[in-house]
Amino acid sequence: MSVLVIAEHDNAEIRAATLNTVTAAQQLGDDIHVLVAGADCAAAANVACQISGVTKVHVADAPEYAHDLVENIAPLIQQLAGDFSHVLAPASTYGKNILPRAAALLDVQQISDITEIQSADTFVRPIYAGNAMATVQSTDAIKLITVRTTAFEAAAETGGSATLEEVAATGDTGLSQFVGQELTRSERPELTTAGIIISGGRGMQSSENFAMLERIADKLGAAVGASRAAVDAGYVPNDYQVGQTGKVVAPDLYIAVGISGAIQHLAGMKDSKVIVAINKDEEAPIFQVADFGWAADLFKAIPEFEAALDDAA
Amino acid sequence: MKVLVPVKRVIDANIKVRVKADQSGVELNNVKMAMNPFCEIAVEEAIRMKEAGSVEEIIVVAAGPEKSQETLRTGLAMGADRGVLITSDTPLEPLSVAKLLKAVVEKEGTELVLMGKQAIDGDNNQTGQMLSALLGWSLGTFVSTIECNDGGYKVVREVDGGLESVQLTKPSVITVDLRLNEPRYASLPNIMKAKKKQIDYYTPDDLGVDVTPRVHVLKVVEPPPREAGIMVQSAAELVDKLKNEAKVI
């Protein structure tokens with residue numbers, strides 16, 4: 001069976017989420033194709049050819065694919081999908097945006113956010129913010145699936161030698177135009193790929209106080225996240241948000257600081273390998289999922305933690 | 001302009017869900033139900049657009065069991081003008097709902113559909129995207145700001161790396177994210193008034209839509225629980241545990 005993976009990229013580099021999606025694809029078949037749709041995206045296509053396990057890269061290089069406009073990319077996926085048993089995309093905002101539009105064009109009921117593949121047509125996926133896990137079986141001829149990237153290891157970025165094939169562009173629908181973007185600039189790792197994350201909640205009390213977490217993040221090579229409460233309070237931008245409606249993460253170490261542990265937040269981080277909670281309220285629900293809890297005032301605890309890290313270094 | 005706002009009846013967001021012992025699904029009997037929080041945000045935005053004069057009529061539409069009427073009444077009490085209820089005892093998948101909504105859009109002649117980005121039960125995040133495809137309309141997902149202008153709508157989308165602005169040519173489907181607005185509570189007089197507002201009833205057959213499920217739910221189970229952890233008393237102890245026991249730093 002041939003499997004098509006929709007690559008998420010910035011025309012030069014392939015985003016990490018694509019690599020996890022390739023791993024999921026390898027559990028479904030051994031003929032793995034990748035679609036790179038973009039503008040001046042030859043560099044990204046060449047990078048995709050190197051991904052371990054990929055056999056062919058389809059590159060659609062045209063101005064209408066410049067800014068991931070869903071109305072233009074969905075018909076391209078529709079055009080290619082007929083040759084595949086499965087079409088996979090990462091369950092990122094990119095994949096969640098484009099794949100259901102392509103699925104409807106193909107009259108397929110998509111399966112969202114899978115965490116496990118049991119067979120070619122049977123998958124496990126979280127529902128109710130991860131409070132239940134559903135095993136579902138698709139009866140559609142082509143399966144369109146988004147993949148929870150934290151549930152699958154990343155494929156190696158090198159070692160592959162896929163062939164490159166150009167795909168005819170499907171044209172500009174003219175339905176939408178890209179206006180601009182404000183991307184959060186950070187030297188730290190991305191939340192969804194970081195091995196360590198330190199997140200702050202409402203207990204941080206201000207935007208300035210997040211600097212305490214940033215210093216620790218820099219010592220540990222960690223990413224900085226936040227709860228919805230901290231984002232809603234305006235302490236940090238929305239893309240810091242970890243939770244059901246923000247990013248779902250599963251790092252080796254997750255440090256929750258001043259976060260009470262609302263169901264919404266737990267849904268986004270409870271699959272982390274080791275969870276540390278620092279909160280002055282001993283009754284906070286976050287302690288129920290923490291491997292190591294420390295009931296302490298964060299304004300005292302965080303400087304002490306920073307000093308202890310220096311001592312141990 | 002008429003705007004259509006689909007609303008879904010789900011388990012109240014503050015209730016802890018329980019999986020049924022026979023693994024057939026989650027327990028819905030005797031559980032408090034409410035309007036999906038993202039749908040509330042969509043209703044609120046439609047009302048604000050009407051208050052600003054860019055919308056004339058707000059139609060809330062629900063698809064599902066008969067009791068979804070309560071969810072429609074909530075939307076009507078918030079300020080929607082009338083309701084449409086598509087009753088179905090067959091569980092409806094996103095693709096089926098999108099097909100039903102398309103039929104309602106065509107019947108009503110609406111030019112804008114405002115809806116939640118996802119429902120908090122199935123967490124599918126598909127219906128708006130699918131509806132836009134079936135209609136051939138422009139699509140804005142994860143939207144946190146909507147500005148009406150001559151050509152259509154300038155929307156700000158919350159994407160993984162930050163924010164993205166896109167100009168949508170109308171007609172459009174817009175799916176809304178948390179930070180778009182804070183939904184209002186319905187006042188008691190408005191709740192009373194909502195009881196008299198019109199609701200039209202359809203079945204999938206009336207709308208010519210086949211809603212046979214494509215995906216079978218084989219079982220639903222609880223996620224594996226996390227082992228209880230330990231409490232530490234000092235920073236030195238915490239760093240020691242992380243370094244020497246968990247070996248993660």
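Since the structure is predicted, the reported quantities are computational estimates derived from the model, not experimental observations. Here is how names work: the chains are called A, B, and so on, in the same order as the sequence lines, proteins then strands, and each is numbered from 1.
For Ala296(A), no part sits under 4.5 Å from any heavy atom of chain B, backbone or side chain. Heavy atoms closer than 4.5 Å to chain B are found nowhere in Val124(A), neither backbone nor side chain. Using a 4.5 Å cut-off between heavy atoms, Val274(A) contacts chain B through both its backbone and its side chain. Contacts of Glu245(B) with chain A are made by side-chain atoms alone, with heavy-atom separations under 4.5 Å and no backbone atom involved. For a residue to count as touching a neighbouring chain, one of its non-hydrogen atoms must lie under 4.5 Å from one of that chain's; by this rule Val232(B) touches chain A with backbone and side chain alike. Neither the backbone nor the side chain of Thr146(A) has a heavy atom closer than 4.5 Å to any heavy atom of chain B. Within the 4.5 angstrom heavy-atom criterion, only backbone atoms of Ser272(A) (N, CA, C, O) approach chain B. With a 4.5 angstrom heavy-atom cutoff, Phe38(B) touches chain A only via side-chain atoms. Only the side chain of Phe287(A) comes within contact range of chain B, with heavy atoms under 4.5 Å apart. Looking at Ala290(A), only its backbone comes within 4.5 Å of chain B, counting heavy atoms on both sides. Looking at Leu309(A), the atoms closer than 4.5 Å to chain B (heavy atoms on both sides) sit in the backbone and in the side chain alike. Neither the backbone nor the side chain of Ala277(A) comes within less than 4.5 Å of any heavy atom of chain B. When heavy atoms are compared at a cutoff of 4.5 Å, Gln241(A) approaches chain B solely by way of its side chain, counted from C-beta outward. In this structure, the portions of Arg214(B) lying under 4.5 Å from any heavy atom of chain A include both its backbone and its side chain. With a threshold of 4.5 angstrom between heavy atoms, Leu220(A) approaches chain B through side-chain atoms but not through N, CA, C or O. The contact between Leu178(B) and chain A is made entirely by side chain atoms (from C-beta outward), counting heavy-atom distances below 4.5 Å. If you measure heavy-atom distances from Leu218(B) to chain A, the contacts under 4.5 Å come from both the backbone and the side chain. Only the side chain of Lys243(B) comes within less than 4.5 Å of a heavy atom of chain A; its backbone N, CA, C and O stay farther away.
Side-chain contact check for Gln167(B) and Asn149(B): at least one donor-acceptor pair (N or O, by modelled atom type) lies under 3.5 Å. Side-chain contact check for Ser112(A) and Gln110(A): at least one donor-acceptor pair (N or O, by modelled atom type) lies under 3.5 Å. Inspection of the Thr173(A) and Asn72(A) side chains reveals an N or O donor paired with an N or O acceptor under 3.5 Å.
When each of Lys247(A), Gln78(A), His67(A) is scored by its heavy-atom pairs under 4.5 Å with chain B, the top score falls to Lys247(A). Per-residue counts of heavy-atom pairs under 4.5 Å with chain A were compared for Ala236(B), Gly140(B), Ser132(B); the largest is that of Ser132(B). Counting heavy-atom pairs closer than 4.5 Å to chain B, the top residue among Leu253(A), Asn238(A), Asp121(A) is Asn238(A). Ranked by non-hydrogen atom pairs under 4.5 Å with chain A, the options Gln23(B), Glu222(B), Glu158(B), Arg157(B) are led by Glu158(B). Among Arg101(A), Gln244(A), Glu71(A), Lys270(A), the residue making the largest number of heavy-atom pairs under 4.5 Å with chain B is Arg101(A). When Asp160(B), Val217(B), Leu242(B) are compared by the number of non-hydrogen pairs under 4.5 Å with chain A, Asp160(B) comes out ahead. If you tally non-hydrogen atom pairs under 4.5 Å between each of Arg228(A), Glu304(A), Glu190(A), Gln288(A) and chain B, the highest count goes to Arg228(A). The residue among Thr127(B), Leu238(B), Val19(B) with the most heavy atom pairs within less than 4.5 Å of chain A is Leu238(B). Your options are Ser165(B), Ser172(B), Pro213(B), Pro223(B), and the one with the most heavy-atom pairs under 4.5 Å with chain A is Ser165(B). The greatest number of non-hydrogen atom pairs below 4.5 Å with chain B, out of Leu175(A), Asp239(A), Asn131(A), is found for Leu175(A). Between chain A and the options Ser144(B), Ala98(B), Gly162(B), heavy-atom pairs under 4.5 Å are most frequent for Gly162(B). Looking only at heavy-atom pairs under 4.5 Å with chain B, the residue among Leu69(A), Ile302(A), Asp107(A) that has the most is Asp107(A).
In this structure, the separation between CD1 on Ile111(A) and CD on Gln126(B) is 8.5 Å, given to the nearest 0.5 Å. Asn125(B) CG to Lys96(A) NZ: the interatomic distance, rounded to the nearest 0.5 Å, is 5.5 Å. From Glu147(B), atom CD reaches atom OG of Ser54(B) across 11.0 Å, with rounding to the nearest 0.5 Å. In this structure, the separation between CD1 on Ile98(A) and CD1 on Ile73(A) is 5.5 Å, given to the nearest 0.5 Å. Separating the CE atom in Met269(A) from the CG atom in Leu191(A) is a distance of 12.5 Å, to the nearest 0.5 Å.
More than 12 heavy atoms of other shown residues, nucleotides or ligands fall within 6.0 angstrom of atom NZ in Lys170(B). Applying the 6.0 Å contact sphere to NZ of Lys67(B) captures no more than 12 heavy atoms from other residues, nucleotides or ligands. Under a cut-off of 6.0 angstrom, the local environment of CG in Asp22(B) is crowded, with over 12 non-hydrogen atoms contributed by other residues, nucleotides or ligands. Atom CD of Glu182(A) has 12 or fewer neighbouring heavy atoms from other residues, nucleotides or ligands inside a 6.0 Å radius.
The contact list for residues 9-18 of chain B toward chain A, using heavy atoms and a distance under 4.5 Å, reads Ile11(B), Lys16(B), Val17(B) by residue number.
With respect to the salt-bridge test (charged N to carboxylate O, under 4.0 angstrom), the residues Lys280(A) and Asp297(A) do not qualify. Here Lys241(B) does not pair with Asp291(A) in a salt bridge; the nearest charged N to carboxylate O distance is not below 4.0 Å.
No donor-acceptor pair under 3.5 Å is formed between the side chain of Asp140(A) and the backbone N or O of Ile142(A). Side-chain N or O atoms of Asp113(A) include none that pairs as donor or acceptor with a backbone N or O of Arg125(A) at under 3.5 Å. The closest donor-acceptor contact from the side chain of Gln109(A) to the backbone of Leu95(B) lies under 3.5 Å. Between the side chain of Asp123(B) and the main chain of Ile127(A), no donor-acceptor pair closer than 3.5 Å is present. Judged by distance alone, with hydrogens and angles left aside, the side-chain atoms of Thr18(A) form a donor-acceptor pair with the main-chain N or O of Glu8(A) at under 3.5 Å.
Looking at every heavy atom in both residues, Met35(B) comes nearest to Thr71(B) through CE-O, 3.5 Å. Contact record, Met231(B) with Trp294(A): CE-N, 4.1 Å, taken as the closest heavy-atom pair.
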